[in-house]
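Values below: every heavy atom of this structure, side chains too, minus hydrogens, waters and symmetry copies. Since the structure is predicted, the reported quantities are computational estimates derived from the model, not experimental observations. All ligand and atom numbering here is 1-based and tracks the order in the structure.
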Amino acid sequence: MREFDGKIAFVTGAASGIGLALARAFGRANMRVMLADIETHALNAAVAELQGTGIDARGVECDVADYNSIQRAAAETLAAFGKVHLLCNNAGVIAGGPMELITLGDWEWVLGVELMSNIYAIKAFLPHIKAQGEGGHIVSVASLAGFLGIPGAGPHNVAKFGVVGLSETLAAEVVGSSIGVSMVCCSIVRTQIDRSARNRPERYGQRTQTSAAADAQFAALVRSGREPDEIAEKTMRGISNNELYIFTHPEMRPMLEDRFQRILAAYPKA
Ligand SMILES: NC(=O)c1ccc[n+]([C@@H]2O[C@H](COP(=O)([O-])OP(=O)(O)OC[C@H]3O[C@@H](n4cnc5c(N)ncnc54)[C@H](O)[C@@H]3O)[C@@H](O)[C@H]2O)c1
């Protein structure tokens with residue numbers, strides 16, 4: 001998508017972190033933006049902030065792990081703006097621990113928010129984007145965890161491997177059309193991801209027990225991350241160049257190389 005001016009963006013998880021930075025960046029590029037989030041007060045504050053800077057922004061409360069909720073949000077977006085050109089699948093949560101201790105509820109929560117959400121949103125938005133015939137883009141915030149089996153982050157890794165597979169498949173399906181696909185493959189970013197449990201619905205039942213020390217270590221890691229605005233800037237550039245893989249942390253290249261070398265090294269035994 002080369003032209004952002006006047007186009008309509010729908011962003012999930014837009015009340016915080018990377019999603020908020022992306023919503024701001026889309027607005028600064030003169031897009032009209034629908035912010036979707038489960039956290040109502042943060043959503044309202046984000047919408048007010050964007051509107052205060054002259055951006056045509058609206059908000060819709062949405063649980064991305066619920067297909068009906070996404071369908072309602074899509075209908076609200078079309079009712080508000082008449083069209084939609086850019087779907088940004090960003091909402092995410094983290095829960096983890098050693099594989100044998102992670103509760104089924106946490107698996108369902110993370111896979112619902114980080115993977116099924118993308119499938120639901122593509123089903124809800126792609127037919128409209130295609131029918132409009134004005135081109136469009138689907139950008140999903142994946143993660144380097146979509147390529148690496150990081151210990152202790154099972155549900156997040158599995159969800160992001162899924163997002164990588166979904167994005168590669170969709171890109172192959174729309175190749176040659178005016179619809180682009182990108183995935184943002186980031187490492188640590190300074191957001192509120194370490195406080196994900198603030199948005200965990202009760203229906204998922206028991207949480208995985210984690211130690212205070214492990215929680216503090218993860219929070220410190222997140223605080224040491226890159227700024228969301230930097231991720232948003234690289235994402236804007238990647239979308240406008242229609243890049244499928246948008247990497248944001250150059251220092252992580254050796255980890256990816258190691259993974260691909262291990263796969264290729266196994267192949268001669270085929
Ligand atoms: N922060 C990092 O280090 C990092 C690294 C790699 C990938 N990511 C990915 O970036 C994306 C954004 O996360 P972030 O780091 O900005 O975290 P964040 O907690 O700051 O923002 C996540 C947003 O998602 C929303 N959300 C959570 N559950 C939701 C639901 N069911 N429905 C709708 N919205 C929901 C939250 O309310 C919040 O506004 C996620 O997909 C995450 O996996 C983050």
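Tested against Ile138, the residues Leu86, Leu126, Asn118 include a single side-chain contact (heavy atoms from CB on, under 4.5 Å) partner, Leu126.
Pairs engaging residues 35-81 under the ring pair (Phe, Tyr, Trp, His ring centres under 6.0 Å) rule: Tyr67-Tyr120 [sequence neighbours left out].
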Between Glu49 and Arg24, is the salt bridge (charged side-chain N to carboxylate O under 4.0 Å, His left out) condition met? List the steps. CA-CA 9 Å; Glu49 182 215 294; Arg24 287 180 184 132; 2.8 Å; yes
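A tilted orientation is assigned to the rings of Trp109 and Tyr204, their planes being inclined by 30° to 60°.
For the residue pair Gln206 and Thr103, no side-chain donor N or O sits within less than 3.5 Å of a side-chain acceptor on the partner.
Remark: Glu76 does not engage Arg72 in a salt bridge, criterion side-chain N to carboxylate O under 4.0 Å.
For a heavy-atom separation below 4.0 Å, the residues in contact with ligand 1 are Gly13, Ala15, Ser16, Gly17, Ile18, Asp37, Ile38, Glu39, Cys62, Asp63, Val64, Asn90, Ala91, Gly92, Val93, Val113, Glu114, Val141, Ala142, Ser143, His156, Lys160, Cys186, Ser187, Ile188, Val189, Thr191, Gln192, Ile193, Arg198, Asn199.
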